[in-house]
Amino acid sequence: MATALPEYVQPETMDILFSKEEIAARVKSIGEQISAEYAGESIVLIGVLKGAAMFLADLARSITVDNTFDFVAVSSYGRARVSSGAVKLIKDIDNPIEGKHVIIVEDILDTGLTLSFLRQMMLQHKPASLKIATCLDKPERRLVPIEADYVCFSIPNRFVIGYGMDFAERYRGVADIRIMPENPPGH
Ligand code: IMP
């Protein structure tokens, strides 16, 4: 059933939470930390489509150890993931990860439902190790106990767009991370 798109709000009118320069500096530093921690190893970065695409692209370029990347996609219903926790995988990884050092790369750790689901899924593939990198963390919104190993920024419960993150599929290409004037329903 077709639903009307929300009214378009110019992203320039929204407040900047993190500028592209602040994001770049933080991603570089996480990349350096990962490179130091995995020195001499190979790692597989698994990005969660579509929101993590920008973060993964920048993170991969700031990691100096041998790395490959893959993508997964999970179902979402409009903006809100199924609150029962019944997250569904709609695109799996392309290559085996058994025995590999894996880092799941996500845009936002919010309720934690998506990453809990993905972590369980990935553990079934028996990786040598499994960590989580997220660009943003909203600890106040957590419904299940899960923490990321690498976090660029921890933020309060405000709905943000830009740097891969969307509202109704819009604004992913906005370079800075900006705050929507109002949180959408369910957030
Ligand atoms: P959760 O941790 O399972 O609740 O899901 C996190 C997902 O919800 C993220 O990957 C985003 O796609 C989406 N999300 C949560 N908060 C925001 C936001 O502020 N802006 C854009 N997407 C969000």
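Just so you know, ligand 1 is whichever comes first in the structure, and atom 1 is the first atom listed for that ligand. Keep in mind the model is a prediction, meaning the values are calculated, not measured.
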Undergrad: If the threshold is 4.0 Å, N to carboxylate O, is there a salt bridge linking E169 and K50?
TA: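 Answer for the salt bridge query: yes.
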Undergrad: Please say which of V160, V9, D176 ends up in a side-chain contact (heavy atoms from CB on, under 4.5 Å) with M14.
TA: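 Testing M14 for a side-chain contact (heavy atoms from CB on, under 4.5 Å) against V160, V9, D176 leaves exactly one candidate, V9.
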Undergrad: With a heavy-atom distance limit of 4.0 Å, tell me whether R141 approaches ligand 1 through its side chain, its backbone, both, or neither.
TA: neither
Undergrad: Establish, from distance only, whether the side-chain atoms of S116 and R119 form a donor-acceptor pair under 3.5 Å.
TA: no
Undergrad: May I ask whether I161 places a heavy atom under 4.0 Å from ligand 1?
TA: no
Undergrad: Report, in ascending order of atom number, the atoms of ligand 1 lying under 4.0 Å from any heavy atom of D110.
TA: 1 (P), 2 (O), 4 (O), 6 (C), 15 (C), 16 (N)
Undergrad: Counting only heavy atoms closer than 4.0 Å, does ligand 1 sit against the backbone of D107, its side chain, both, or neither?
TA: side chain
Undergrad: Going by side-chain contact (heavy atoms from CB on, under 4.5 Å), L109 matches just one of I132, L136, T114, D137. Which one?
TA: D137
Undergrad: For ligand 1, which atoms sit closer than 4.0 Å to a heavy atom of T114?
TA: 1 (P), 3 (O), 5 (O)
Undergrad: Within the structure, is a non-hydrogen atom of G51 found at a distance of less than 4.0 Å from ligand 1?
TA: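 No heavy atom of G51 comes that close to ligand 1.
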Undergrad: Would one find an N or O of F159, backbone or side chain, under 3.5 Å from an N or O of ligand 1?
TA: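 No: no nitrogen or oxygen of F159 is under 3.5 Å from one in ligand 1.
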Undergrad: Among K138, E106, H187, which one puts a heavy atom closest to atom 19 (O) of ligand 1?
TA: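 Looking at heavy atoms only, K138 sits closest to atom 19 (O) of ligand 1.
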Undergrad: I would like to know whether E37 and Q33 meet side-chain hydrogen bond (donor to acceptor under 3.5 Å, both in side chains); could you show each step before the answer?
TA: CA-CA 6 Å; E37 289 177 12; Q33 187 187 345; 3.2 Å; yes
Undergrad: Is there a heavy atom of M180 sitting under 4.0 angstrom from any atom of ligand 1?
TA: no
Undergrad: Stepwise, does the side-chain hydrogen bond (donor to acceptor under 3.5 Å, both in side chains) test hold for Y163 with D58?
TA: CA-CA 10 Å; Y163 196 59; D58 286 344; 2.7 Å; yes
Undergrad: Got a sec: does the NZ of K20 have more than 12 other heavy atoms crowding it under 6.0 Å?
TA: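 Atom NZ in K20 is not packed in, count stays at 12 or less.
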Undergrad: Taking N or O atoms only and a 3.5 Å limit, does M165 qualify as a polar contact for ligand 1?
TA: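 By distance alone, the answer is no.
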